[in-house]
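One structure is given here, and the rest of the page talks about it.
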Amino acid sequence: MLIRRVARRQAGNGKSGSYPIRILTVLASGGILLAGTGPGVTPAAAASAGDGAVPAGAGGLAGQAAGTKEVSYRGYSFRVPASWPVIDLAARPATCVRFDRHAVYLGKPGANQSCRVTTGAVTEALLVRPSAARPAEASSVDDLSDRLIKVVTRRITVTASYRNDRAQVLSILASAGLRRPGGVVPGGPLFRPRVLPASTARYRGKGFDTCTVPSARTMHAWRARSPYRAIGIYIGGPERACDQPNLTPSWLRRRAAEGWHFLPLYVGPQFAFGDISTPGRQASSAAWNAAVKAESLGLPPGTPLYYDMEAYPPNSTGRVLTFFTSWTRKLHALGYRSGVYSSSLSGVVDLAMNYRSRRYVMPDVIYDAWWNGRAGTNDPRLPPRSWRPHRRIHQYSGNVIRTYGAVRLNIDQDFLNVRLRPLPARRIRGHWTIAPGGLRFAELAVLDGVTWHALHNRARPGDFRLTRRYFGRNVPRGIRYWVPAHRRTITGHWATAPGGKRFAELALLHGVTWKMMHNRALPGDFKLTKRYWGKRVPRGTRYWVPAH
């Protein structure tokens with residue numbers, strides 16, 4: 001019975017439609033690269049295994065020890081596993097920088113990378129590119145939500161992904177003398193960019209998605225000559241396998257002005273990869289992170305955010321529906337609409353069979369991967385009145401090559417029929433309080449773990465607002481900001497901080513938000529008597545721990 005059901009799902013087409021094949025892809029990807037420098041196989045042969053990879057030029061490899069090799073770039077030397085291919089992006093700018101295989105990428109990624117849409121599980125990999133940062137901009141941060149470490153120095157910027165072996169990546173960074181990153185779970189964007197028009201999320205017609213966001217030149221050419229007017233963009237998630245050098249608020253703003261519409265995709269934990277143990281909690285956390293990413297890109301409230309759930313084992317249905325329910329509820333609480341992308345014979349059919357169930361909350365939009373080649377939104381597996389009107393997307397083909405304006409891309413093709421009603425505007429009760437002086441805007445935002453808004457923006461639950469924005473500048477003492485009324489004091493106890501820890505690492509230790517002593521604590525928060533951002537915390541410093 002199990003074999004029969006797996007085979008049924010495999011026939012569903014779509015990149016989500018073949019669970020067994022997807023798992024084999026992951027194993028093959030990791031196995032080929034790990035075995036690439038074994039006996040009789042040269043690093044060059046291993047590097048050429050996929051997406052135009054080539055080894056770094058002469059001078060990239062300094063010397064080899066047992067099981068490792070030294071990779072040098074712009075004055076830094078990294079000791080990496082000998083089996084990892086080293087890929088010179090200057091020699092091959094079209095190479096796809098992907099984090100679902102072990103590799104070291106050196107140089108600036110190309111504006112138009114040749115990426116296959118289908119990806120495997122994200123693993124340990126390194127991208128080292130040039131940097132022109134000022135000394136004050138140097139940083140070392142581990143985004144725990146996306147499992148990405150970013151280190152910025154005056155000469156290089158390193159982006160490192162990891163899966164189960166974070167220690168290996170930290171060891172590689174330490175071998176180059178780079179600072180150990182502090183773990184951060186994003187609590188909200190540090191500033192609110194100019195909000196895009198709500199119309200960018202509404203469209204009926206053809207669209208496409210590709211693993212990495214194309215360059216402005218490509219989008220110009222495709223806007224003029226292709227039939228597509230919408231594009232899927234991968235905004236975040238720990239299983240987002242491709243680097244996104246072009247994905248910025250300004251890129252979105254300019255594409256929106258040209259008439260493009262967007263499908264924001266979030267690739268979070270996957271049942272297929274064994275990532276999900278507590279579906280409700282992990283879905284809520286994923287929704288929070290997706291909303292943070294969306295808001296930082298300027299995607300307005302009411303935009304549907306689509307969870308990319310690849311095909312999963314057939315015995316996961318109940319847990320998957322619990323996951324989707326929490327995803328939708330949390331996004332609604334944060335002011336965004338919810339969408340789910342999955343295979344027609346996997347997540348989509350499970351949702352369709354429970355569309356009228358009171359036990360689960362359905363997403364606002366269904367994104368149906370069924371590669372039947374027909375540009376429309378009909379699917380016999382969907383109940384006739386489900387997700388109507390204007391709440392369906394159909395991915396009707398995938399991994400196809402299309403060329404417009406002499407620009408070639410590997411894409412999935414979609415047909416959209418999305419036109420959601422605006423969310424009702426909500427006001428919140430609260431009170432004004434006074435900002436402490438001498439804090440920078442970004443630090444003050446991190447300090448309270450919620451989203452800053454200019455005063456003219458209407459606040460949503462969980463937000464507060466400043467009379468002016470002070471991004472990157474010191475906030476004058478006495479500036480008033482808005483605090484929601486549900487903020488309340490919590491019971492707890494004092495504990496003593498261990499010595500020698502940095503502020504960010506100590507925050508990671510307890511996994512909650514830091515507070516200044518004079519600020520009221522929220523449930524799940526604690527507070528320091530003093531701030532030690534970027535400095536060592538003296539042994540014996542007291543901090544507040546919630547009673548629960």
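Heavy atoms only: backbone and side chains are in, while hydrogens, waters and symmetry mates are out. Position 1 is the first residue of the sequence; numbering continues from there.
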Taking all non-hydrogen atoms of both residues, which atom of Leu420 and which atom of Arg202 are closest, and how far apart? O-NE, 3.7 Å
Would Ile393 and Tyr306 satisfy side-chain contact (heavy atoms from CB on, under 4.5 Å), going step by step from the backbone distance to the final call? CA-CA 11 Å; Ile393 303 173; Tyr306 300 91; 3.4 Å; yes
Could you tell me whether Arg163 and Asp100 make a salt bridge, using a distance below 4.0 angstrom between a side-chain N and a carboxylate O? no
Do you know which two heavy atoms are closest between Arg98 and Ala125, and how far apart they sit? O-CB, 4.5 Å
Kindly compute the distance separating OG1 (Thr200) from CH2 (Trp260), expressed to the nearest 0.5 Å. 13.5 Å
Under 3.5 Å, is there a donor-acceptor pair between the side chain of His394 and the main chain of Trp370? yes
Approximate separation, where rounding is to 0.5 Å, of Ile233 CD1 and Lys293 NZ: 13.0 Å
Nearest heavy-atom approach of Met362 to Leu351 is SD-O, 3.7 Å
Do Phe99 and Thr159 touch side chain to side chain, with heavy atoms closer than 4.5 Å? yes
Other residues, nucleotides, ligands: >12 heavy atoms within 6.0 Å of Arg281 CZ: no
Gap separating the CG atom of Asp165 from the NE2 atom of His102, nearest 0.5 angstrom: 8.5 Å
Does a donor on one side chain sit under 3.5 Å from an acceptor on the other, for Arg392 and Ser386? yes
Strictly distance-based, threshold 3.5 Å: is any side-chain N or O of Tyr162 a donor or acceptor partner for the main-chain N or O of Gln168? no
Test your reading of the model: is there a side-chain donor-acceptor pair from Asn354 to the backbone of Ser357, 3.5 Å cut-off? no
Distance-only donor-acceptor check, side chains Tyr341 and Asp209, under 3.5 Å: no
Is there a disulfide between Cys115 and Cys211 in this structure (defined here as SG atoms under 2.5 Å apart)? no
List the steps and the verdict of side-chain contact (heavy atoms from CB on, under 4.5 Å) for Leu170 and Ile149. CA-CA 9 Å; Leu170 294 178; Ile149 296 174; 3.9 Å; yes
With distance as the sole test, does Gln270 use its side chain to make a donor-acceptor pair with the main-chain N or O of Asp275 at under 3.5 Å? no
Output the distance between atom OG (Ser114) and atom CD1 (Ile401), rounded to the nearest 0.5 Å. 6.5 Å
Drop me the distance from Phe323's CZ to Ser284's OG, to the nearest 0.5 angstrom. 10.0 Å
To the closest 0.5 Å, what do you measure between CZ (Arg402) and CG (Asn410)? 10.0 Å
Please check if any side-chain donor atom of Asp379 sits under 3.5 Å from a side-chain acceptor atom of Ser344, or the reverse. yes
Worked verdict on Arg381 versus Val348 for side-chain contact (heavy atoms from CB on, under 4.5 Å): CA-CA 8 Å; Arg381 298 165 191 85; Val348 170; 5.7 Å; no
Picking from Phe415, Phe262, Tyr228, what satisfies ring-ring contact (aromatic ring centres under 6.0 Å, His included) with Phe208? Tyr228
Please walk me through it: do Arg391 and Arg419 pass side-chain contact (heavy atoms from CB on, under 4.5 Å)? CA-CA 7 Å; Arg391 296 193 292 136; Arg419 191 174 297 276; over 6 Å; no
On a heavy-atom basis, the closest approach of Thr123 and Ser161 is O-OG, 2.7 Å
Sub-4.5 Å side-chain heavy-atom contact between Gln244 and Thr212: yes
Does any N or O in the side chain of Glu295 come within less than 3.5 Å of the main-chain N or O of Ala291, such that one atom is a donor and the other an acceptor? no
Any ion pair linking Arg166 and Glu124 (charged N to carboxylate O, less than 4.0 Å)? no
If only atom types and distance count, is the side chain of Asn246 paired as donor or acceptor with the main-chain N or O of Val213 below 3.5 Å? yes
Result of checking Thr328, Thr325, Leu331 against Pro363 for side chain to side chain contact (heavy atoms under 4.5 Å, CB included): Thr328
Side chains of Ile411 and Trp222, heavy atoms from C-beta outward: is any pair under 4.5 Å? yes
Backbone N/O of Ala201 and side chain of Thr303: donor-acceptor pair under 3.5 Å: no
Within the side chain of Arg229, is there an N or O that forms a donor-acceptor pair under 3.5 Å with the backbone of His261? no
